[in-house]
Amino acid sequence: MKVKIIVLVMLIGLSTVSAKDKWSFTAELGVSSAQFSFVNYGYTRHMSPAIGIRANYHLNKRLSLISGLQYGTTRYHNNSYREQYNSFENETTVHIETSKTSMTKLSIPLFVSYQLRFVPLKPAFEIGIRYNRFLRGTYAKTTIYDRSSTPFVDDIRTEDANLFSKDNYMSMPVNTTQVHLGLQLQLSKQIGLNISRNMGGSYSVITEAPLPMSCMIGGIGNLDNRDFIVTLNYKFD
């Protein structure tokens with residue numbers, strides 16, 4: 001709640017400055033990389049698109065306040081194939097499992113930028129926070145059981161889950177906050193390269209209730225609330 005209040009106050013302050021203050025706006029397009037830990041499959045990392053727009057309020061020639069909006073989509077895919085031989089029945093059972101996780105989020109960055117103007121590429125160092133709001137999150141899994149002694153597939157099981165449903169025992173948080181560390185390089189008068197590392201705490205993704213008098217069952221994995229983002233920025237005149 002405190003973070004939301006701080007973000008709101010700073011955004012209102014930026015929007016109410018006088019017209020003589022210097023503003024600049026940039027569009028950004030790039031990729032983000034985040035890590036997900038699937039149950040029984042270890043870690044996986046995927047690249048996803050990231051698009052957004054930034055508003056830069058220049059306090060002086062070196063120091064700026066930056067905010068804006070960034071939209072990102074994250075998708076994770078896992079495939080598993082396993083064979084198990086039963087010597088008593090002289091047959092092999094094949095287990096094929098495919099799972100897909102898809103999430104979209106809207107991020108509001110809010111940070112301070114300090115630029116070194118007399119250095120090649122005019123690097124600008126950024127520090128601040130990113131407020132994230134997940135718009136959508138789905139999980140789907142298909143499991144196929146096939147025995148060699150039968151001519152057809154024996155069983156196909158499917159599972160679907162809304163990651164943000166309140167019916168889940170422990171669903172994903174809709175709102176998260178990250179610490180932002182970034183570096184902006186000026187490639188030309190209008191084009192810049194931004195590299196950032198955004199860090200936050202990890203959380204579990206569990207979609208099933210616990211068994212009575214037992215430990216928790218089911219679950220998808222752990223989402224590492226840290227990502228690495230690289231974007232090209234275009235500055236509007």
Side-chain angles (χ1 to χ4, degrees), residues 3 6-8 10-36 43-77 102-135 176-200 223-237:
V3 173
I6 293 173
V7 171
L8 181 61
M10 295 187 71
L11 289 177
I12 292 175
L14 289 177
S15 64
T16 56
V17 296
S18 59
K20 67 179 180 180
D21 294 317
K22 296 181 180 180
W23 286 85
S24 65
F25 297 90
T26 58
E28 55 183 358
L29 175 64
V31 294
S32 66
S33 174
Q35 184 169 281
F36 196 91
Y43 291 94
T44 182
R45 182 177 291 276
H46 291 270
M47 308 296 290
S48 305
I51 59 175
I53 187 168
R54 286 188 177 194
N56 303 267
Y57 173 51
H58 305 283
L59 299 173
N60 53 45
K61 292 183 179 181
R62 296 176 180 268
L63 196 62
S64 300
L65 293 177
I66 300 178
S67 186
L69 291 174
Q70 189 179 79
Y71 177 84
T73 299
T74 305
R75 294 186 176 90
Y76 306 98
H77 302 270
S102 177
M103 293 172 290
T104 58
K105 69 178 180 180
L106 190 65
S107 301
I108 302 177
L110 188 61
F111 46 85
V112 177
S113 174
Y114 184 82
Q115 186 178 48
L116 302 178
R117 300 180 65 85
F118 302 104
V119 177
L121 299 180
K122 298 180 179 179
F125 300 94
E126 304 169 348
I127 184 170
I129 61 173
R130 282 169 58 92
Y131 170 75
N132 305 300
R133 170 79 177 186
F134 283 97
L135 307 176
T176 65
T177 304
Q178 298 171 304
V179 175
H180 171 94
L181 297 175
L183 173 65
Q184 171 88 26
L185 301 176
Q186 202 66 36
L187 304 181
S188 68
K189 182 179 179 181
Q190 291 182 295
I191 299 177
L193 174 66
N194 186 270
I195 304 171
S196 66
R197 178 66 168 169
N198 305 284
M199 298 167 288
L223 181 64
D224 192 351
N225 191 24
R226 293 177 293 180
D227 47 32
F228 182 78
I229 302 177
V230 178
T231 60
L232 281 176
N233 298 346
Y234 180 84
K235 181 180 179 180
F236 297 102
D237 292 330

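All of these numbers come straight from a predicted model, not from anything done at the bench.
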Side chains of [X] and [Y]: closer than 4.5 Å at any heavy-atom pair?
{"X": "Ile108", "Y": "Leu110", "result": "no"}
{"X": "Asn56", "Y": "Ile66", "result": "yes"}
{"X": "Leu183", "Y": "Phe125", "result": "yes"}

Report yes or no: do Asn233 and Gln184 form a side-chain donor-acceptor pair below 3.5 Å?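 Yes, because at least one side-chain N or O of Asn233 sits under 3.5 Å from a partner of the opposite role on Gln184.
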Rounded to the nearest 0.5 Å, how far apart are [atom1] of [X] and [atom2] of [Y]?
{"X": "Leu106", "Y": "Asn132", "atom1": "CG", "atom2": "CG", "answer": "9.0 Å"}
{"X": "Arg54", "Y": "Glu28", "atom1": "CZ", "atom2": "CD", "answer": "5.0 Å"}
{"X": "Leu121", "Y": "Gln186", "atom1": "CG", "atom2": "CD", "answer": "9.0 Å"}
{"X": "Tyr234", "Y": "Leu187", "atom1": "OH", "atom2": "CG", "answer": "13.5 Å"}
{"X": "Asn194", "Y": "Glu126", "atom1": "CG", "atom2": "CD", "answer": "4.5 Å"}
{"X": "Ser107", "Y": "Asn198", "atom1": "OG", "atom2": "CG", "answer": "8.0 Å"}

More than 12 heavy atoms of other groups within 6.0 Å of Ile127 CD1: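 Not buried by this count: 12 neighbours or fewer within 6.0 Å.
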Taking all non-hydrogen atoms of both residues into account, name the closest pair between [X] and [Y] and its distance.
{"X": "Trp23", "Y": "His58", "answer": "C-CD2, 4.3 Å"}
{"X": "Ser196", "Y": "His180", "answer": "CB-CE1, 3.4 Å"}
{"X": "Arg130", "Y": "Gln70", "answer": "NH2-OE1, 3.1 Å"}

Indicate yes or no for a side-chain donor-acceptor contact from [X] to the backbone of [Y] under 3.5 Å, with no hydrogens or angles considered.
{"X": "Ser48", "Y": "Thr73", "answer": "yes"}
{"X": "Ser67", "Y": "Pro109", "answer": "yes"}
{"X": "Arg117", "Y": "Lys61", "answer": "yes"}

Candidate pair Tyr71 and Leu135, rule side chain to side chain contact (heavy atoms under 4.5 Å, CB included), full reasoning: CA-CA 10 Å; Tyr71 177 84; Leu135 307 176; 4.0 Å; yes
Intermediate values then yes/no, side chain to side chain contact (heavy atoms under 4.5 Å, CB included), Ile195 and Phe228: CA-CA 8 Å; Ile195 304 171; Phe228 182 78; 3.6 Å; yes
Criterion side chain to side chain contact (heavy atoms under 4.5 Å, CB included) on Ile129 and Phe111, from CA distance to verdict: CA-CA 6 Å; Ile129 61 173; Phe111 46 85; over 6 Å; no
When you look at Gln115 and Ser64, which way does the side chain to side chain contact (heavy atoms under 4.5 Å, CB included) test go after all the steps? CA-CA 8 Å; Gln115 186 178 48; Ser64 300; over 6 Å; no
Is Lys105 paired with Asp227 through a side-chain N to carboxylate O contact shorter than 4.0 Å?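 Salt bridge: yes.
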